[in-house]
Structures are given as C-alpha cells and as structure tokens.
K.L.:
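Got a structure for you, written out below as structure tokens; questions coming shortly.
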Amino acid sequence: MDYIKKNKNESQKETIAIHLHENIEKVKQTLGNSTDLIISELRIGENGTKKAAIIYTDGLVDTKTIHNFMEPFMIRAREIEPGKGMDTPQEILRFMEDMTVTVGSIKEITDFSSLFKSVLSGDTVFLLDGLDRGIVASTRGWEDRGVSETSIESVVRGPRESFTETLRTNTSLIRRRIKDPHLWMETIQIGQVTQTDVSIMYIKGIVNDKVLKEVRERLNRINIDGILESGNIEEMIQDETFTPFPTMYNTERPDVASAGLMEGRVAIIVDGTPIVLLVPVVFTQFFQASEDYYNRSDFGAMRALRVVAFLLSLLAPSFYIAVTTFHQEMLPTSLLINLATQREGVPFPAFIEAMFMEFTFEILREAGIRMPRMIGPAISIVGALVIGEAAVQAGLVTPAMIIVVSITAISNFVFPAIAMSIPIRFLRFGLMGAAAAYGIYGIFIGLVAIYLHLCSLRSFGVPYMSPMAPFNLSDQKDTLFRFPLWAMRTRPRLISQKNKVREQTQNPEPGENRP
Amino acid sequence: MELAIVVGIGIDKKENEYVVSSQVVIPSEAGGQKASPIGYAPTTKFVASAPTIIEAFRKMTTISPRRMYTSHVRILVIGEEVAEEGLQDVLDYFYRDRTFRLDFYVVIARKTKAENILSIFTKLEKIPSVSLFTSLATSEKTYSNARGVHLDELINTMVSPGKNPVLTGLTIIGDETQGETKDNIQRITPHTRLKISTLGVLKKDKLVGWLSDKESRGFNFITGQVMGSVGDVVLPSGGKVAVEAFRSEAHMKSRIRRGEPEMEIKILTEGDIAEVDGSIDLMEQKNIQMLENLLEQRIKHLAESAIEKGQTKLKSDIFGFGEVIHRQHPKIWNKLQKNWAEDFVDVPVRIKVDAKLRRTGKVLDSFIEELNKK
Amino acid sequence: MILVIFYIMGSAILFIPGKLSAPGKQDSWISALVATGVGLLIVLIYNVIGRRNPGMTIVEYSEHVLGKWFGKIVALVFLIFFLILIALDLRDIGDFLSTQAMPDTPIQAVLIPFLCVVMIGMRYGLEVYTRFAELFFPVVLLLWFILLISLYPEMKFEHIQPIFEHGFKGIAITAPVMVGFPMSELVALLMIYPYVNQKKSAAKGFLVGTLIGGIMLTLLTLVCILVLGVFGTVSSTYPSYLLAQKINIGDFFQRVEALMAIIWFFTLFTRVSIFFYAIVLGLAQVMKLQDYRPLILPLGLFLLSFGQTVSPNIIHVIGATKNEWAMYQMTCGVFFPLLLLGADTLRQNRGRKL
C-alpha cells in the first residue's frame, strides 16, 4: 500500500519533459519495461528530423483504430515542422483533431500519472520531441466475450441477452432498452490498484434522490486497493454486514436491470463483471422472475409457489426432525407406522440422519460448481446412486429422509434470484438444530428470530419486508401475485416517492371497431 | 423414534388390580413392503397389572424394550366386568394424560375379556385395532347398529344429568385360543373373528344391559345418527322389499302437560329401494306410498322397541330426553333434574315417522313382475 | 403500528373459553360479547388519556399529573402490574409446553430461547417489532379461520342451548373475568401510544383492534362450547388446544393442533414483547435514563426466575386469576387511568380558574 501511494504521489508530481527520450525512459522505468507495452518511435517532419513516439498497451487497444488514426497523420507527417504553424502544442493538437475524425476523442495531458492511466486503460499516447505534453487518443478495444445467452437467470420467454464483463457493453445494453434522456450515468474509479470503473445508472425524475445520494456517498467512501467483482462493491456498501440475506439485488439480465431502473432503482455497474447490482431491494423481489411480467398475469401466481418452496426449503428437514422425534402424534396412524417401519434398523436419530444427508448434499452441490465440467456426470452418478440408493440399502438412512432432502434441494433452486438460496442453506442447519432440541417450539423460536431480523433489515433506507411490513395495499399488486399490467398503475411506493404513475393504459377491452 | 406404538388398549380387572393390555405395532411387520417373508405377527401384546392404570403402563416397560407411545391409540376396549362395576375410575387417566388424543373409540368387550379381544389376528387390515376402528366406522355409516363413541363424548354424556351413554360391544366369534396364531388369517375363513356387536347401555358409568341389533338401530334412528341403514318390509302379498335409508334425521320435542313432561320424536328418513324379493308393481304411485307406510311402521317399531327397552327394562335415559327438556324448558328441568333417573321411566313418548322413497336404483320395475306375468 | 393491537387480544385464546365457561356455562360467549363492549369503553378512556397528552407515555403522564413522587409511585404500580402479567404469560408458555409437548424439558430450558427472541426483538426496537406483527397478522388470521371453518362439522348447536338459562346474573358474574383479562391489560399499550405515527388513526385502530380481538375471543368461546360442550370446555386445561385436536376432515386434514399452538405462540410473543417494552421503557422513564436498552438483559434474567416463582402450580395460576385477579387487573387497568384522568381534569380546571 505504501509503495503504491508513494509511487502515485511521485508520478503525480512529475510532468512530461521536453525531451522525448527522457519521457520514454521514464515510461519504461515505471512500467518495468513490461512486454505488453508497445513504444514505437517514429520520425516525422521534413527530412524526418522530428522524433515522436506512440505508446500503448498491446491487447487493450484496437489496432484498427490506431491504424485509422495514424494513417492520415503519417501521410501528412512531413508537414509537421516548426515554423509552419506547428510550434505550439495547441496547434499540433488542432492539427491532429483535424486529421483524425475517425478516432473517438483526443485530449491533451501534461503529467505522467494521466499518461499511465491512459496507456493502461487502452488509450494511445502520442509524444513529440520538444513538446512537454502528450496527446491521448481513445483507442480502447479489447477482446471480450461478447454478449452471450444468460447462464444463471434463464427464462423460457423473454430476452436471452446477458451482461458481459465490459462496462461499456453493459451500459449500452441498458441504453438500448431505455432511450429516455433522463437515463443518467455517473462513473467513478474505485480501487487504488485496480482503478476499476464503476458506473451508477438511474432515471432522473423517477429515482429517489435520497437513495441516489446515499449510493454516491457510500461509493465514495470506499477506499480499497482493488475491486474485482460487483460483490466487492456490495460488501463495502451494504446496510448490514452480518446478515445472511442479500440487501442488494444482483442480476445478469439487462431487462431486469432496466425494469429496476424504471421502478426507480439505482443500478451499479462494475467493469469486469457481468453482474449488475440493483438497489434498493425488498425481500419479495427475490421471488419475482422477469418472466412473470412477460407471461400472462395469471401465472404471476407462481410466486405463491415460490414462497411455498422457500418455506419448504427452509423448514422441511427441521420439520421432519421435529415430527419424528417430538411430535409423532401429529402424524396419521398409518403414516406413523410407515415411517416407523422405515426407521426400523436405522442406527442414527433423525437429527443426525438429516444432518448427514443435508451435509452430503451441500458437499455434492459445492463440488458440482467447482469441478471441471468433464467430470460432472461422474459426480452425479456417485451422488445419486451411492449416496441416495446405497445409503438406504445399507440401512443408514430412511427413504423418507431422502425424499425430504430432495424436496429441500429442489425447492432451493426455485428462486429466480440465486442470491436468496444462500441464506436458506445456512438457516436450514440452524433450524434443524433448533428442531432437534425443542421440536416445533424450537422451529417457532427460530422462525420468529429470523423474521424479526428480516424486519429489522433495510436496503438503502427502504424496509426490507415492505410492502408487506409496513403494509402498502397498492404495492400488493406486484408482491405475491402479479396483477395485469394495466392494473399496476403506480410504481412501488417506498422506492420512488415521486413520479408515481407508471402507466395509464385502460383495461384492454375490444374497441368499437371489432370485426 | 424408538417407540412402541400402542394402537389398542384393553382394561380388565383382577382382584382390585387393573389388568391393562396394550396392542403394540411391530413396524417391520405391519408396514408396507418391507415385511419379512417369514411373517411374524404384525402386532404384539403386553399385559401388566397394577393398582392404577398408569402404573400398569409403566410396568410394561419391564417386558417391552421400548417406551409405550399412546398418542395413536385407536381403540380402548373395556372388559364387560369392569364396565358393569363402573367406568369412572378407569377413564380419568385417558382424559388427563397428554399423550392420549380424543379420537379413539371406546368399546366394551362383550362376554369376554378385553385382553382377549386384543389378541385376535384380523384380515384385510393387518393391525387388529385399526381393523376394529375402521370396521366400527364403516358399520356406523352403512348399517347403523353400532355407534363409535369417542372418549370426550362419553365423558360429556356421563356427566350430563339428562343423558346416559351407550357404548358399542365387541364379541369374539369362534375359538379364542385359535385366533391368537398366525394360522388364523392364513385360512380363507378364519377360525376366529372379531365382530361388532350391538350397543351396551350404561347408567351413569355402569353397564346395565345390551340392546339387541333391532333396538340398536332403533336407538340410532331416534338419536338421528343413521347415516345409512337397511331395512326390509314385508309386503302384504308376501315377499319382501329392502330399503336403503341414506339420510335420516330426528327431532325431539318436549312438551309439558300439567307439569309433567312428554316427549315427541319425529323421524324423517329418505331411502332408495334396494332390493325387491316379491311381487309388487313399483310403477304404481300408490304402491310406493304403501311401501313408505310400511317402512314408517317398521322404523317406528324399531324405535319403539328401543324406547321400551330403555325405559322399562334398563331404566336408562340413553336418548337424552333430559337434555331435550333442559334445552327447551330449562325452568321445569330444574325441578325434574333431581329425580330424573326415576321419572324418566314414566315419560310418555310419541314417535312419528315420515319416510320418503326417492329412487329405485338402476332399474325401475323388478324383473320379478315380468316373470310372474307369463 | 396499529396492528399491534390485534395481537393483544389474540393472546388469551388458550384460556379464555375455559375461564369464562366455568361460571357462565353455555352462555359464556354472551359474557365475552359483553366484555368486549366494556373493553371498548375502557379503550375509549385510554384514547382520551392518549389524546390529552400526545407524546407522553402513561408513566410520564402520571408524573406530570400527580407530581414527582406520587406520580412515580403510581407509575411503579403500573410497572409491577406489567411485570406480574409478563411473568404469568411466561409461566403459561412453560406450563403449556410441559403439559402438551415436552414433559421432560425443564421450564427454564423452554423459557430461555423465548426470552432470547423477545430480547432480540427489543434490541431492534419498537418499529421492527411492529413490522413483525404486521407481517404475521394475516398469517394468524388465516390460520384462525382455517381452524374455525374446519371445526364446523364438529359443532353441535345443542351445546349452547338453552340460551340465557342463568339469565343476566350469570353473564354479569363472568363478564368481569374477561374485562380484567385481557381487556384491562390494554393499559400497557398506553406506553407505546406516543410512538404511533399517525395519532388520529391510532385512536381508531385501538378501538377497531379491541373490537376485532373481542369478537375473535367471543367466536372462540362459542366454538369451544359448540364443539366440546360445557363440561369439556371447563374441565380442560387448554380447551382451544383440545378444540384443534378435534379437527378431522376426510381422515386427512387432522392432528393439526400445532396450528393452534402456532397462533397462540405468535400472539403470546407479541404480548410478552409489549409488556416487556412497556416495563423497560417505563423503568427508563422513571429513572430518567436516555435509552432503555441497558435494562433489557437484567429484566430478561429477572423474568426467567420470576416466571417460575410467580405461582406454585397451575391450579394456582388458574384459580388466582379467576376473581381477585380480575379485581386487581381492573384496579390497574381501569381505576388508575380514571384516577389520572380525573386528577388531570381537576388540575386543568383549577389552572383555568387561577
């Protein structure tokens, strides 16, 4: 850290020297003569007396752009001659601007720190002997993945595009969807070493200014050496660190981000990751898929299913434990006898059995994400056959337990936002412990604690459990159920307080001129 | 879940000690597919005797490796002798202990010990207590000679001054000892079976006698408990027509005449013609009316016989006349209450039956008609 | 904010039917209805107090009206009242769980997690706590209706006949029981009254909440008698729990007494939390503390032991809460507020004359 700071301060002080070779020396020294640094020296002017150099980083620049920019310049390079109206940097700058309409932007720099910044972010710096300035041409262009299909939040109906690792591509994806002039963007660099571009996007006039201000403040407060993913940002600016629940929404879908913007949220886009953050967020949002809005509104009722899945995934194993160890009277007789038959010969209490199975499943799941793709099928065979079938055959686990674990596992993947399945994984184990100790009473106590915690959470000032608590009737239209679009006239109340009216379409009824 | 799931409990008495027997499920035999090929008995029986019931239960752990778990008791069988001596000392434990739910039936072992009832193998349902439970529920719905009585209902009626309880009896048909072996259910016709018998009449908490099959059904008609029953009427021309009653209601009214109570019972029954074993033209409206009349007489006869037995022979107000008077004439009831047990015997009862025949099944007229024409 | 009020009512569900039916027999549901009416009157008084002094809890109010020392004493009387109530509630939880679910678990082990959760809620503060209540109100209401509706097949209308057998006297004897418990206990809500955001709707909410709570209790009492009969209701320790055991629809929807237990827990949790809040806040105000949070843990620990020592056994709990208790409750819940109100009116009149 100290080294970096010193270094930065030094280079900030230093201005570009008159002599070209000094400058080149300096660049080489500072960048350690890295091999991807390209310094090509050239001679211009009549008789080639004037020395010049262009500096850029290989791989970060679009060579075609450099070519386009250098070509007309080199053709008329001979004209650059002191005494021909090309003495002052301003004149050269103007000359170059005239020459190079093909390049995005040209600007002038005087110190080394901006020189390095430009070079390292893919711009090309032009240095001329005898000039104590450099000229920067924007030539950014590097290999990226290109916009590909969504891999995490897939849908049946809806756009397939997903964000990429390039900030500019991502902003363009949103821009393409919202052509409103009020869609504003601010960019800052965060990370002393990484100098990562972080953009916030919002729609002026819809966004809640308080939230916006809060986002800006929190982002500016970050002082860290590096930001590699939006998760780093999330961790630095979230409301509460010690909570299993996500207080920011993350998405890889441009349409989700756009919808969020139009509801008055702020999008935080970080260069280098396809995951975009949306704030503020409420609990119910994690149960809403983008597809809910593209399908018929009746199917919005699927959300209720997701809530059921949420509860199942959270409670199924602990409920099983509670019922089989404490509350056998809650089962119908025939079911009890059936379960008792299965448990006959199983050497562990239900709690150990459940822990064992849940743990195994979590290991399998973790392994499934990490392992090389080729080994995948092998692991699933081991997982399904060995753990499931063999454990039952060996009499270590009851079949009912396998069913419970499977249900739990499957329900865990129902949420459109994967971020919500992580807290459940944690809390499930806690509840299982509570159930083993206190039965249903334990589960109740655990649930109360969880819900109290949920109620205490806020995301950028917005209560996490809204619009359920505090209750807001008109926002219920888009909470558990999705009302037809024409009925959702207002934007969520707590997120945007101004410009509430979302749309004014009338209930679509066949008009007069039906056939 | 290291529990011994008790499904049935039997209570007998022996020299001031309760003999408690419990039927316990053996899960590996009783549950589904996993039953071992050798085929042990699906249940086992533990018996212990002690001065109090709970003590007997705890004593059972000396012979059972697992704790007795009684939340799933389906049936509580009380020995006839115990019932005759009085139930009051027996029932409190079942009502108090938290593990007992109130959804099991209380029955009386007729002409045998409760213990024996719990050691008979049954077919169709592997677990005898469950078998009894369902067969009681079924016969209550389709034949109406029995009455499934839950514990809380029993206690409620026992403490009510204006009503006495009834309990269904269970009997063993065949040789008791042979019923205890697996051999019993390996035959198509088992040696020994359990049979739901008729209703036993209690006075307060003591068993005083039994209603016959006929009287039991009459009783159920009077109390409006009939959910389905079959009755046949004899045609004037000889032959019989069986009617299946699918709905029956009863309304009891009390009337006070000169300070003395009178009961009026109105029974409404709806039924279908279920079987025709004689010559009758069902297409004739008047014949249908005649059948209805005959049915009314028949039901009235059943009801009267039940009341006759209850009033004169057993002297127990199982019909709840007292409660009716209490409801409808609370002030007079206050006077009657004290001597109700004696006064009940003399209460005049009038029975009105209104029977309606609705449908005739898949066919209209019987083929017998056609047969006889030629 | 307002919805908290519903909760106060629901808390009594486990006991009220039994308590009312003992003297009132089949007419006890009418007593419940009467008590609801009386409860509404009480709430009207509370509303007046609340409106007189916006921004003041009853503890502050009594100091304001009665002067520093006497006011503090009255405030402490209130606080002790709450303390006993909360201890009784804790005792209820312990007894209930020991009787119905976990006979082998010591009562401390049952109470510790419960108090922990209450204390967590207190740390989060009133607002979080209210949101929690708001979140669960629909759940409880839904469960409640599921229970009532599924009990319909078990209802026997003969059980409530003859209506009015014991006349108005019977009703008059029983109604005070419910006026005392839980109606008078509403006084605790005066502690949070100043923190309600919209003052006007608070008064209305208070009334509506009492009405709905009262009606729910009345319905429950009615259903208890309809299903279990008078004797069953009176003799059971927990009639409503027994009630839930009776549910059996199509041999499938059965054995759902846990539902009843859940409703009860949620409501009781709310109730205990409100008392808890009232005590710590009141204590902080009496002692002129800035923040009530430091008092949470000591009170929690105190309650843990007080919950066990408050009464020797369950018969005592039920017996003591029958008559003398109702009087005590009414003293605290009705007499003292009236006293305060009277003193305040006197002061104001005198102030005007002078």
Side-chain angles (χ1 to χ4, degrees), chain A residues 240 242-243 282-284 304 307 311 315 319 322-323 325-336 430-431 433-458 461-473 476 479-480 494, chain C residues 1-3 93-94 96-98 100-105 109-139 197 244-245 248 250-259 261-266 268-270 272-273:
Chain A
E240 178 109 29
F242 295 105
T243 174
V282 293
F283 184 68
T284 50
V307 173
L311 291 176
L315 296 175
F319 202 72
V323 166
T325 44
F326 287 102
H327 311 283
Q328 293 96 343
E329 74 274 4
M330 282 176 61
L331 299 167
T333 308
S334 48
L335 184 59
L336 175 73
L431 284 173
Y438 286 107
I440 289 201
Y441 176 65
I443 297 178
F444 162 78
I445 292 284
L447 270 185
V448 168
I450 290 171
Y451 282 114
L452 270 176
H453 176 69
L454 276 173
C455 288
S456 80
L457 285 179
R458 276 168 180 274
V462 175
Y464 199 50
M465 291 312 276
S466 70
M468 268 143 31
F471 189 78
N472 180 285
L473 191 64
Q476 298 296 325
T479 305
L480 262 187
L494 275 160
Chain C
M1 279 292 185
I2 301 151
L3 286 171
I93 301 171
F96 177 74
L97 280 168
S98 306
Q100 296 291 353
M102 293 180 284
D104 310 328
T105 317
V110 171
L111 289 185
I112 287 171
F114 191 85
L115 277 170
C116 278
V117 181
V118 170
M119 287 193 278
I120 291 172
M122 286 299 108
R123 282 224 159 257
Y124 281 141
L126 187 64
E127 195 188 349
V128 166
Y129 181 64
T130 331
R131 272 192 233 142
F132 172 82
E134 218 173 340
L135 190 63
F136 273 96
F137 178 63
V139 178
N197 290 330
Q245 286 194 336
N248 183 0
D251 279 330
F252 174 74
F253 188 66
Q254 54 169 333
R255 297 175 183 254
V256 289
E257 54 267 32
L259 281 188
I262 288 171
I263 297 179
W264 185 66
F265 274 133
F266 272 122
L268 202 65
F269 172 72
T270 319
V272 167
S273 299

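To find a chain, count down the sequence lines: A is the first, B the second, and so on, and within it residues start at 1.
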K.L.:
Please check this pair: side chain of A:Y441 against backbone of C:V110, looking for a donor-acceptor N/O pair closer than 3.5 Å.
P.N.:
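Yes, the answer is positive, given that a donor and an acceptor are paired below the 3.5 Å cut-off.
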
K.L.:
Should the pair A:F444 and C:F269 be assigned to parallel (<30°), tilted (30 to 60°) or perpendicular (>60°) ring geometry?
P.N.:
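Correct class here is perpendicular.
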
K.L.:
Less than 4.5 Å to any heavy atom of chain C: does that hold for the side chain of A:L447, its backbone, both, or neither?
P.N.:
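Neither part.
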
K.L.:
Is any side-chain heavy atom of A:C455 closer than 4.5 Å to one of C:Y124?
P.N.:
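No - every pair of side-chain heavy atoms lies 4.5 Å or more apart.
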
K.L.:
Out of curiosity, A:L452 CG to C:M119 CE, how far, rounded to the nearest 0.5 Å?
P.N.:
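Atom-to-atom, A:L452:CG and C:M119:CE are 13.0 Å apart.
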
K.L.:
Could you give the distance from CD1 (A:I445) to CD1 (C:I112), rounded to the nearest 0.5 Å?
P.N.:
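Answer for the CD1-CD1 pair, A:I445 versus C:I112, is 11.5 Å.
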
